[in-house]
Structure formats: C-alpha cells, structure tokens
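Right, one structure below, let's go through it.
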There are 2 protein chains.
Amino acid sequence: MKVKNRLETLESILERLRFSIRQNGLKNSKQREEIISVLYKSGTHLSPEEIAANLRQRDKSTSISSVYRILGFLEKERFITALEPGKTGKRYEIAAKEHHDHIICLHCGDIQEFVDEEIEARQIQVASAYKAKLVSHDMRLFVICDKCRQHIKD
Amino acid sequence: MKVKNRLETLESILERLRFSIRQNGLKNSKQREEIISVLYKSGTHLSPEEIAANLRQRDKSTSISSVYRILGFLEKERFITALEPGKTGKRYEIAAKEHHDHIICLHCGDIQEFVDEEIEARQIQVASAYKAKLVSHDMRLFVICDKCRQHIKD
DNA sequence: GTATATGCAAAACTTTTGCACTAGG
DNA sequence: CCTAGTGCAAAAGTTTTGCATATAC
C-alpha cells in the first residue's frame with residue numbers, strides 16, 4: 001500500500017503558483033496564496049464555505065465569491081483537485097499528493113489507499129478508445145476485508 | 001465497447017416497485033411509476049429537472065419537490081442509482097442494467113458507459129491482494145471528449 | 001376513514017454575476 | 001497608471017420543508 005505523501009513543500013507550490021500567474025500575465029493576491037496554504041495544511045478535503053471560514057479567521061472581509069473564483073482558477077491550473085463526496089457540493093484538496101484510489105470495506109468501513117499501474121494504464125487506453133483525453137479518475141473498490149470475512153459467517 | 005442491456009422489462013420493475021411499496025406499508029402513486037418509466041425508456045442519465053420536465057408533458061401540475069422526494073425513495077430502495085458527473089447536481093439511471101462504469105467529459109458533461117474486462121479482472125486481483133472480497137466498485141473517468149478537444153483551445 | 005403522497009410556495013443552500021473599488025506589477 | 005482581483009449584494013440555480021389537499025388502500 002502506498003502512503004499519500006505530500007510531494008512538495010508549501011513554499012515550492014507557492015513558487016509554482018507565482019510563476020504560473022506571471023506566465024499568464026495575471027496578478028497574484030494574498031487570497032490565492034492563503035487558499036493554497038489552508039488546503040495544504042489541512043490535509044483534508046474542504047468545502048468552499050469551510051475554506052472561506054478559515055480565511056475569515058485572519059481577514060474578516062474575505063468574500064465567498066472570491067473563494068469560488070479562486071478555487072475555479074486553482075483547479076484549472078491544477079494546483080488543487082475537486083472531489084464530489086456524495087453530499088451536496090464539491091470539496092477540494094491540494095493536488096501535490098500522490099495519486100491514489102480507495103478500497104473500502106463495506107462492513108467495518110476501513111479505507112485503504114492503493115495504486116495499480118495496470119489499471120492506471122488501461123484507463124488511459126479506454127479513454128483513447130473514445131478519442132478522449134483522460135484528465136483524472138475516481139475509483140472505489142467496495143469489499144469485505146480480511147478481518148470482516150473471518151468474523152462474519154452467514 | 002459493450003452495449004448495456006436492460007436486464008428486466010419495465011413491467012417487471014414496476015411489479016417489484018409495487019411489491020416493495022406494499023411491503024413497507026406505503027402507498028403507490030402514478031408519479032412513482034412514471035419516473036421509473038421515464039428513466040427506463042430514456043436509457044440515459046437524467047437530472048431531477050429533466051425528469052420533471054418529462055412528466056409535465058403529460059401532467060402539467062407535476063411538482064419538482066415530489067420528483068426529489070420520489071428520486072430519494074427510489075434510490076434508497078435501489079430501483080435507481082445516482083451518478084455525480086462533476087457538473088452540478090446528481091443524475092439518475094435505472095438500476096436494472098448491466099454493470100458499467102462512466103466516462104464523463106469535463107467540458108460538455110457528456111456521459112458514456114463502458115465496461116473494460118481487463119480492469120474488471122484486475123480489480124478483483126487488487127482486492128485479493130488485500131485478502132478482501134470485491135463486492136462492487138464505482139469508477140469514473142474524467143476526460144475531455146473528442147468534440148470538445150477540437151472546439152476548445154486553452 | 002386514515003395515513004401517505006402530492007402540489008405549491010417559501011425557505012435554505014450553493015454558486016454565479018455585475019459593479020465599484022482595491023491593489024499588484 | 002492600467003488592468004486583474006476582490007468584496008459586496010443581488011441573482012440564479014438547486015434542494016428541502018411546511019402545510020393544505022388529494023389519493024391509495
């Protein structure tokens with residue numbers, strides 16, 4: 001099983017952000033860097049509203065519309081990734097983590113992370129069979145884990 | 001790729017629905033049967049609003065709140081399944097279809113269904129590498145489809 | 001008849017947009 | 001300066017809820 005390490009320091013991500021903004025002839029803002037920072041430090045998946053609440057702890061005037069605009073920008077530029085966890089609305093996480101999928105026990109709820117290179121490669125082939133460019137994927141395997149198989153007999 | 005067959009006739013699904021409703025001591029309604037029927041016949045993934053629009057063709061007074069309530073009920077009872085295509089909101093499809101995964105265009109929202117036997121087989125192997133028994137899975141490939149790749153340049 | 005389902009309207013959210021102002025380069 | 005980014009408020013879109021009425025059983 002692979003561990004989902006952060007692949008980059010926060011400062012390195014921020015430098016890439018500044019470079020990307022300059023490349024596009026845009027302007028930086030402290031809000032953009034703050035959002036990257038909040039997501040990096042949280043290590044979890046945050047909703048736009050949660051992110052805004054976090055920023056408001058330091059700057060009361062943070063507006064939710066800017067948060068949405070920035071999240072859209074950061075996602076487009078691949079600094080963050082969106083997740084739809086079934087509940088309403090999207091959640092975001094920093095993109096600079098190792099990619100992983102999830103294997104979830106339906107009985108005890110345990111979640112393991114894994115990467116299978118064969119599946120990863122095959123997904124790209126499936127996409128290209130549709131003449132499509134694979135951007136990302138989400139895969140969850142629902143199982144009964146070893147422990148639960150031993151403890152429950154029907 | 002594979003065509004996803006309907007595994008059951010509409011009438012058979014409706015009979016199961018009536019049975020399920022009776023079992024739960026509830027009452028049937030033509031709206032519930034209509035929604036099953038619309039999803040069955042469409043063969044695609046419809047949003048609540050699209051479903052409501054469809055019902056309104058025959059009964060102008062169909063209310064969107066009933067559609068939401070019915071969709072929640074039908075999902076809970078496993079007659080339909082929800083899909084979150086990344087775009088805003090859920091979409092629903094009839095549950096009595098062959099297993100398939102989804103390939104979703106992030107740009108136009110188009111959803112295709114596919115089955116890749118190699119991935120299916122490999123998923124079982126991944127699960128057994130964890131000594132776990134695979135029960136089911138959910139996989140979504142997010143892509144930019146052929147049409148959108150041709151029409152948009154970043 | 002009685003409990004459940006529906007329709008309607010309003011409320012509760014979530015996300016987007018227009019516009020004046022701020023601020024980065 | 002000049003233009004992109006922000007904050008604010010309002011709009012637009014989505015989903016839920018309260019309540020009176022209709023309807024299945």
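Naming convention: chains lettered A, B, ... in sequence-line order (proteins, then strands); numbering from 1 in each chain. Side-chain atoms are counted along with the backbone in the values below, which use heavy atoms only and exclude waters and symmetry mates.
Look at CD1 on B:Ile51: it is 14 Å from C1' on D:dT14, rounded to the nearest Å. Following rounding to the nearest Å, A:Glu77 (CD) and D:dG5 (P) show an atom-to-atom distance of 11 Å. D:dA24 atom P lies 19 Å from atom CG of B:Asn24, rounded to whole Å. Between the C1' atom of D:dG5 and the CG atom of A:Leu55 lies a distance of 14 Å, rounded to the nearest Å. As rounded to whole Å, 14 Å separates atom P of D:dT15 from atom NZ of A:Lys90. Put simply, CD1 on B:Ile35 is 9 Å from P on C:dG7, counting in whole angstrom units. What separates CG of A:Leu17 from C1' of D:dG5 is a distance of 13 Å, to the nearest Å. Atom pair B:Arg56:CZ and C:dC8:P shows a separation of 9 Å (rounding to whole Å applied).
Side-chain N/O atoms of A:Ser65 and base N/O atoms of D:dC8 include a donor-acceptor pair closer than 3.5 Å. With hydrogens and angles ignored, a donor-acceptor pair under 3.5 angstrom links the side chain of B:Arg69 to the base of C:dG7. Under 3.5 Å, the side chain of B:Lys27 and the base of C:dA3 form at least one donor-acceptor pair of N or O atoms.
Within 6.0 Å of the CZ atom in B:Arg78, the count of heavy atoms belonging to other residues, nucleotides or ligands does not exceed 12.
Geometrically, A:Arg16 does not engage A:Phe79 in a cation-pi contact defined by less than 6.0 Å to the ring centre and at most 45° from the axis.
Residue B:Arg22 is classed as having no contact, given no heavy-atom separation below 4.0 Å to the nucleic acid. B:Gln31 comes within 4.0 angstrom of sugar-phosphate atoms only, judged by non-hydrogen atoms across all strands, and of no base. Counting any heavy atom pair closer than 4.0 Å across all strands shown, A:Ser66 reaches a base atom.
In this model, the phosphate group of D:dT15 is approached by a side-chain N or O of B:Tyr68 to a distance below 4.0 Å at OP1 or OP2.
Mapping B:Ser29 and B:Ile64 onto DNA chain D by nearest heavy atom places B:Ile64 closer to the 5' end of the strand. Checking A:Glu49 against B:Ile70, the closest nucleotide of DNA chain C that is more toward the 5' end is the one next to B:Ile70.
Here the side chain of B:Asp138 pairs no donor or acceptor atom with the backbone of A:Arg140 at under 3.5 angstrom.
A distance below 6.0 Å separates the ring centres of A:His99 and A:His137.
Side chains of B:Leu141 and A:Gln123 form a contact here, defined as non-hydrogen atoms less than 4.5 Å apart.
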